[in-house]
*Asks:* 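What follows is a structure written as structure tokens; I'll ask about it next.
Both counts, for ligands and for their atoms, begin at 1 and track the order of listing. In this text the structure is predicted, and so the values were computed from the model without any measurement.
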Amino acid sequence: MSEVLVLVDHVDGAVKKPTYELLTIAKRLGEPSAVFIGAAAQGAEVAEKVKAYGAEKVYVVDDASIKGYLVAPKAEALQQLAQQVSPAAILITSGAEGKEVAARLAIKLESGLITDAVDVADDATTTQSVFAGNYTVQAKVTKGTPIITVKPNSAAPQEAPGAGVVEEFGATVSEGAKTAQIVASQPRQATGRPELTEAAIVVSGGRGVGSEESFAVIEALADSLGAAVGASRAAVDAGWRPHSYQIGQTGKTVSPQLYMANGISGAIQHRAGMQTSKTIVAVNKDEEAPIFELVDFGVVGDLHTVLPALTEQVTQR
Ligand code: FAD
């Protein structure tokens with residue numbers, strides 16, 4: 001069975017949940033191999049984690065000479081590994097960095113690339129939502145090694161122990177790939193909530209929330225559910241929450257198990273960022289609001305009444 005390479009998504013060796021989802025998908029396509037580009041000293045610990053989700057091999061690419069450089073060196077290292085192992089596919093998390101690595105890799109390998117898949121079948125046919133969510137398409141790479149970026153929360157990670165054999169891979173990254181370097185970085189402000197694009201539950205607020213202060217009702221419900229907080233563009237444009245909260249065509253795309261739209265009308269540009277969510281719930285005082293066309297459960301009511309009551313119920317459990 002051919003190997004399927006999964007690029008480990010991590011922050012300083014802390015493996016992010018989408019990696020486990022990719023390993024679960026990789027098992028459908030062949031034999032999952034994780035690729036960890038990071039500090040060699042963290043390789044064994046990372047291997048322990050990814051092997052629980054089926055990684056048969058764990059390639060450790062020491063990043064000592066490339067740490068701090070933007071994505072080009074990672075694409076070069078992956079290219080060299082792919083040329084050595086001829087994988088059946090390469091899976092990468094859909095995020096700003098993942099998609100750039102994937103694009104550069106596809107050019108280097110002269111392979112087809114599919115981004116933002118929400119599902120990948122056994123034969124590597126992918127499902128994607130395109131044109132601001134107007135179409136759902138099935139697509140398959142027909143040239144070279146399929147390179148597929150998959151949105152977080154597209155699969156439930158399944159524990160299935162693999163061998164987890166660690167292999168050091170000595171990539172030779174050229175000076176030419178070291179084109180851009182991080183010169184300063186500020187730690188992201190910790191909210192104590194899960195990352196928006198990775199969260200299993202997202203609670204969002206729109207113009208209907210009414211004010212910056214009133215977003216407290218959204219946050220209280222989110223915290224009772226262990227959810228991330230999102231916002232529509234109207235709420236962001238009003239300055240109630242920063243752009244990093246925005247979901248939609250010009251914001252982030254989320255695909256959680258549960259998405260709650262509160263005081264959001266359901267414009268096509270907002271749908272583009274959330275309509276692949278597994279279960280969608282909306283609270284809106286207008287029963288004609290377009291959001292109700294795509295929900296699994298809808299509550300017609302004032303969010304300032306419904307949400308606190310719901311938060312109380314959840315907190316009591
Ligand atoms: P509204 O459309 O004003 O809806 C507010 C809703 O709240 C209404 O349905 C109302 O009935 C309800 N409501 C009011 N008060 C209450 C209450 N007390 N309780 C319950 N319900 C209440 N939008 C995005 O979200 N993300 C994007 O990325 C995005 N990108 C865009 C890109 C382009 C190029 C363009 C042109 C637009 C984009 N938009 C985007 C904007 C989009 O078209 C909508 O204007 C926006 O999504 C509306 O936000 P909203 O639903 O919060 O506000």
*Asks:* Quick one: look at Ile291 and ligand 1, take heavy-atom pairs under 4.0 Å, and tell me if it's side chain, backbone, both or neither.
*Replies:* neither
*Asks:* With the 4.5 Å side-chain cut-off for hydrophobic clustering, are Val314 and Val217 part of the same group?
*Replies:* yes
*Asks:* Using modelled atom types only, decide if a donor and an acceptor are shared between the side chain of Gln138 and the backbone of Thr125 within a distance under 3.5 Å.
*Replies:* no
*Asks:* Less than 3.5 Å apart, any donor N or O on the side chain of Ser94 or Asp116 sitting next to an acceptor on the other?
*Replies:* yes
*Asks:* For atom 36 (C) of ligand 1, what's the nearest protein heavy-atom neighbour? Residue, atom name and distance, please.
*Replies:* Gln269 NE2, 3.8 Å
*Asks:* To which of Met274, Arg207, Arg233 does the heavy atom nearest atom 31 (C) of ligand 1 belong?
*Replies:* Arg233
*Asks:* Hey, looking at atom 19 (N) of ligand 1, which of Thr305, Leu303, Val300 has the closest heavy atom?
*Replies:* Leu303
*Asks:* Please identify which atoms of ligand 1 are closer than 4.0 Å to at least one heavy atom of Gly248.
*Replies:* 26 (N), 27 (C), 28 (O)
*Asks:* Which protein heavy atom lies closest to atom 27 (C) of ligand 1, and at what distance to 0.1 Å?
*Replies:* Gln246 NE2, 3.2 Å
*Asks:* Counting heavy atoms only, which part of Ala267 comes closer than 4.0 Å to ligand 1: side chain, backbone, both or neither?
*Replies:* side chain
*Asks:* Does the residue Ala231 have a heavy-atom contact with ligand 1, meaning some pair of atoms that are separated by less than 4.0 Å?
*Replies:* no
*Asks:* Does the side chain of Ser255 pick up a donor-acceptor pair with the side chain of Thr276 at under 3.5 Å?
*Replies:* yes
*Asks:* Could you list the donor-acceptor pairs under 3.5 angstrom formed between side-chain atoms of residues 49-58 and any protein atom two or more places apart in sequence or on another chain?
*Replies:*
unit_1 : atom_1 : unit_2 : atom_2 : d
Glu56  : OE1    : Ala163 : N      : 3.1
Lys57  : NZ     : Glu3   : OE2    : 3.4

*Asks:* Output all residues satisfying salt bridge (Lys or Arg N to Asp or Glu O under 4.0 Å) with Lys278, sequence neighbours left out; order by chain, then residue number.
*Replies:* none
*Asks:* Using a strict cut-off of 4.0 Å, indicate which atoms of ligand 1 neighbour a heavy atom of Gln249.
*Replies:* 27 (C), 28 (O)
*Asks:* Run the numbers for me: atoms of ligand 1, each under 4.0 Å from some heavy atom of Gly301, listed by number.
*Replies:* 19 (N), 20 (C)
*Asks:* Considering the heavy atoms of Gly251, write down every atom of ligand 1 situated less than 4.0 Å from one of them.
*Replies:* 28 (O)
*Asks:* Do His270 and ligand 1 have an N or O pair less than 3.5 Å apart?
*Replies:* yes
*Asks:* Any non-hydrogen protein atom below 4.0 Å of atom 45 (O) of ligand 1?
*Replies:* no
*Asks:* To check your reading of the model: name the closest protein heavy atom to atom 48 (C) of ligand 1, its residue, and the distance in Å.
*Replies:* Ala234 CB, 4.0 Å
*Asks:* Distance to 0.1 Å, residue and atom name: give those for the protein heavy atom nearest to atom 4 (O) of ligand 1.
*Replies:* Ser265 CB, 3.3 Å
*Asks:* Report the nearest protein non-hydrogen atom to atom 14 (C) of ligand 1: residue, atom name, distance rounded to 0.1 Å.
*Replies:* Gly208 CA, 3.3 Å
*Asks:* Please determine, by modelled atom types, if Thr250 and Gln269 share a side-chain donor-acceptor pair under 3.5 angstrom.
*Replies:* no
*Asks:* Nearest to atom 52 (O) of ligand 1, what protein heavy atom do you find, and at what distance?
*Replies:* Ser232 OG, 2.6 Å
*Asks:* Look at atom 18 (N) of ligand 1 and say which protein heavy atom is nearest, naming residue and atom and giving the distance to 0.1 Å.
*Replies:* Asp302 OD1, 3.0 Å
*Asks:* Are Ile201 and Ile218 connected in the hydrophobic side-chain network, where two residues link if heavy atoms are under 4.5 Å apart?
*Replies:* yes
*Asks:* Return the residue, atom name and 0.1 Å-rounded distance of the protein heavy atom closest to atom 21 (N) of ligand 1.
*Replies:* Lys285 N, 3.1 Å
*Asks:* Out of Ile247, Thr250, Asn262, whose heavy atom is nearest to atom 26 (N) of ligand 1?
*Replies:* Ile247
*Asks:* When clusters are formed by joining ILVMFWY residues with side-chain heavy atoms under 4.5 Å apart, either directly or through shared neighbours, do Leu81 and Ile66 land in the same one?
*Replies:* yes
*Asks:* Decide side-chain contact (heavy atoms from CB on, under 4.5 Å) for Leu196 and Ile247; before the verdict, give the C-alpha distance in whole Å, the side-chain angles of both, and the deciding distance to 0.1 Å.
*Replies:* CA-CA 9 Å; Leu196 189 52; Ile247 290 168; 4.2 Å; yes
*Asks:* Would you indicate whether Gln181, at its atom CD, is surrounded by more than 12 heavy atoms from other residues, nucleotides or ligands within a distance under 6.0 Å?
*Replies:* yes
*Asks:* Hey, which atoms in ligand 1 end up nearer than 4.0 Å to a heavy atom of Gly206?
*Replies:* 52 (O)
*Asks:* Taking the inter-plane angle between the rings of Tyr59 and Phe169 on a 0 to 90° scale, is it parallel (under 30°), tilted (30 to 60°) or perpendicular (over 60°)?
*Replies:* perpendicular
*Asks:* With a cut-off of 4.0 Å, which atoms of ligand 1 are near a heavy atom of Gly263?
*Replies:* 5 (C), 6 (C), 7 (O), 12 (C), 21 (N), 22 (C), 52 (O)
*Asks:* Among Leu310, Leu258, Asn262, exactly one meets side-chain contact (heavy atoms from CB on, under 4.5 Å) together with Val281. Which residue is that?
*Replies:* Leu258
*Asks:* Kindly work out whether a path of hydrophobic side-chain contacts (I/L/V/M/F/W/Y, heavy atoms less than 4.5 Å apart) joins Val118 to Tyr259.
*Replies:* no
*Asks:* Just going by heavy-atom distances, which of Asn284, Val306, Val283 is nearest to atom 10 (C) of ligand 1?
*Replies:* Asn284
